[in-house]
Amino acid sequence: MSDGEIATKKRGSKRKGLPKNQPSSQAPRLIDIAKKLGVSVQAVSLVLKGQSGVGQAMSEKILKESQRLGYRRNRFAAKFFSKKTKTIGVVIPRLAESWMGFLIEELHQYIHEIGFDMELFLTNYDSTLEEKVLNDLVGIRVDGIVLVSKYWNMNEIPSTHYLKTMRNESTMIPVVTSYTIEGSGVPAVIQDIYQGMKDAV
């Protein structure tokens with residue numbers, strides 16, 4: 001027996017020792033489902049997104065095959081290839097205040113109702129962390145930011161803060177605050193205390 005035949009035999013014996021259904025280290029992809037069923041990747045994508053355009057029989061096969069393979073949608077990859085991230089960044093100091101917890105619950109429900117994701121960040125009233133979080137959100141191009149800032153006045157905000165630089169950005173990401181930051185011109189959603197008192201009376 002030659003050296004080459006011995007090496008082949010050794011490799012073959014190792015393969016025989018592997019479990020028949022050993023899972024691959026690579027997660028199943030849309031193209032794996034498409035190749036298996038002989039359809040386009042676009043058809044598979046439409047079905048898994050719950051959109052129309054593919055016949056019922058084939059849709060059922062695609063869903064069944066995706067379940068068999070254990071396919072899970074990679075939302076980060078989908079956002080990478082999309083022009084929109086469909087993500088709203090929410091930046092608040094902390095959750096201890098009851099009104100902030102209520103705010104997060106309402107935001108979470110609405111954001112998911114419109115088919116978006118929510119990324120929540122806590123700053124603990126740390127100015128450096130607030131600035132970093134905003135820069136990170138701008139960097140990943142979220143579609144909007146809800147900000148509860150530690151600042152109440154635009155004059156107190158550092159020149160490097162996103163609220164100071166946003167108008168110079170090539171793609172300006174809209175920001176909404178939970179109270180009016182004096183001198184900023186940033187849209188704010190605030191309580192109408194005067195109307196609330198009238199309603200209470």
Is it the case that more than 12 heavy atoms not belonging to Lys35 sit under 6.0 Å from its NZ atom? no
Inspect the contact between Lys132 and Asp136 and indicate whether a charged nitrogen and a carboxylate oxygen are less than 4.0 angstrom apart. yes
Are Val142 and Ile114 in one and the same hydrophobic cluster, where Ile, Leu, Val, Met, Phe, Trp and Tyr link if side-chain heavy atoms are under 4.5 Å apart? yes
Minimum heavy-atom separation for Pro28 and Leu69, please, with both atom names. CG-O, 3.3 Å
In the single-linkage hydrophobic clustering (I, L, V, M, F, W, Y; side-chain heavy atoms under 4.5 Å), do Ile181 and Met172 co-cluster? yes
Taking C-beta and beyond as the side chain, do Ser178 and Met100 meet within less than 4.5 Å on heavy atoms? no
CD (Glu169) and CZ (Arg167) are apart, to the nearest 0.5 Å, by 12.0 Å
Decide whether Val186 and Val176 are clustered together by the hydrophobic rule: side chain heavy atoms of Ile, Leu, Val, Met, Phe, Trp, Tyr closer than 4.5 Å, transitively. no
Is any side-chain heavy atom of Val44 closer than 4.5 Å to one of Leu37? no
Taking atom OG1 of Thr123 and atom CD of Glu131, what is their separation to the nearest 0.5 Å? 12.0 Å
Rounded distance (nearest 0.5 Å) linking atom CD of Glu65 with atom CD of Gln67: 10.0 Å
Hey, could you give me each pair passing ring-ring contact (aromatic ring centres under 6.0 Å, His included) that has a residue in residues 125-171? Not counting sequence neighbours. Tyr151-His161, Trp152-Tyr179
Is a donor on one side and an acceptor on the other found under 3.5 Å between the side chain of Thr85 and the backbone of Arg141? yes
Quick check against the 3.5 Å criterion: does Glu130 have a side-chain atom that pairs as donor or acceptor with the backbone of Lys150? yes
I'd like to know if the side chain of Asp32 and the backbone of Arg29 have a donor-acceptor N/O pair within less than 3.5 Å. yes
How long is the straight-line distance from CZ of Arg72 back to OG of Ser66, given to the nearest 0.5 Å? 8.5 Å
The side-chain contact (heavy atoms from CB on, under 4.5 Å) partner of Leu137 among Ile173, Val91, Val175 is Val91
Could I get the full list of side-chain hydrogen bond (donor to acceptor under 3.5 Å, both in side chains) partners for Gln109, not counting sequence neighbours? Glu113
Among Leu46, Ile33, Leu30, exactly one meets side-chain contact (heavy atoms from CB on, under 4.5 Å) together with Val41. Which residue is that? Leu30
Heavy-atom closest pair (Ser184 atom, Met154 atom, distance to 0.1 Å) is CB-SD, 3.5 Å
Nearest-0.5 Å distance that lies between atom CG in Asn153 and atom OG1 in Thr180: 12.0 Å
Does any non-hydrogen side-chain atom of Val146 lie less than 4.5 Å from one of Met118? no
Ile88 backbone acceptor or donor facing Asp143 side chain under 3.5 Å: no
Single-linkage hydrophobic cluster, 4.5 Å side-chain cutoff, Leu107 and Trp99 together: yes
Do the side chains of Val90 and Ile140 join up, straight or via other hydrophobic residues, at under 4.5 Å, putting them in one cluster? yes
Would His112 and Asp117 count as a side chain to side chain contact (heavy atoms under 4.5 Å, CB included) if you check the C-alpha gap in whole Å, the side-chain angles of each, and the deciding distance to 0.1 Å? CA-CA 6 Å; His112 282 272; Asp117 293 321; 4.2 Å; yes
Would you find a donor on one side and an acceptor on the other, under 3.5 Å apart, between the side chain of Ser45 and the backbone of Gln42? no
Could you check whether any side-chain heavy atom of Ile92 comes within less than 4.5 Å of a side-chain heavy atom of Leu120, counting everything from C-beta outward? yes
Could you tell me whether the side chain of Asn124 and the main chain of Asp126 form a donor-acceptor pair under 3.5 Å? no
Atom pair CD (Glu156) and CD (Glu182), whose distance is rounded to the nearest 0.5 Å: 9.0 Å
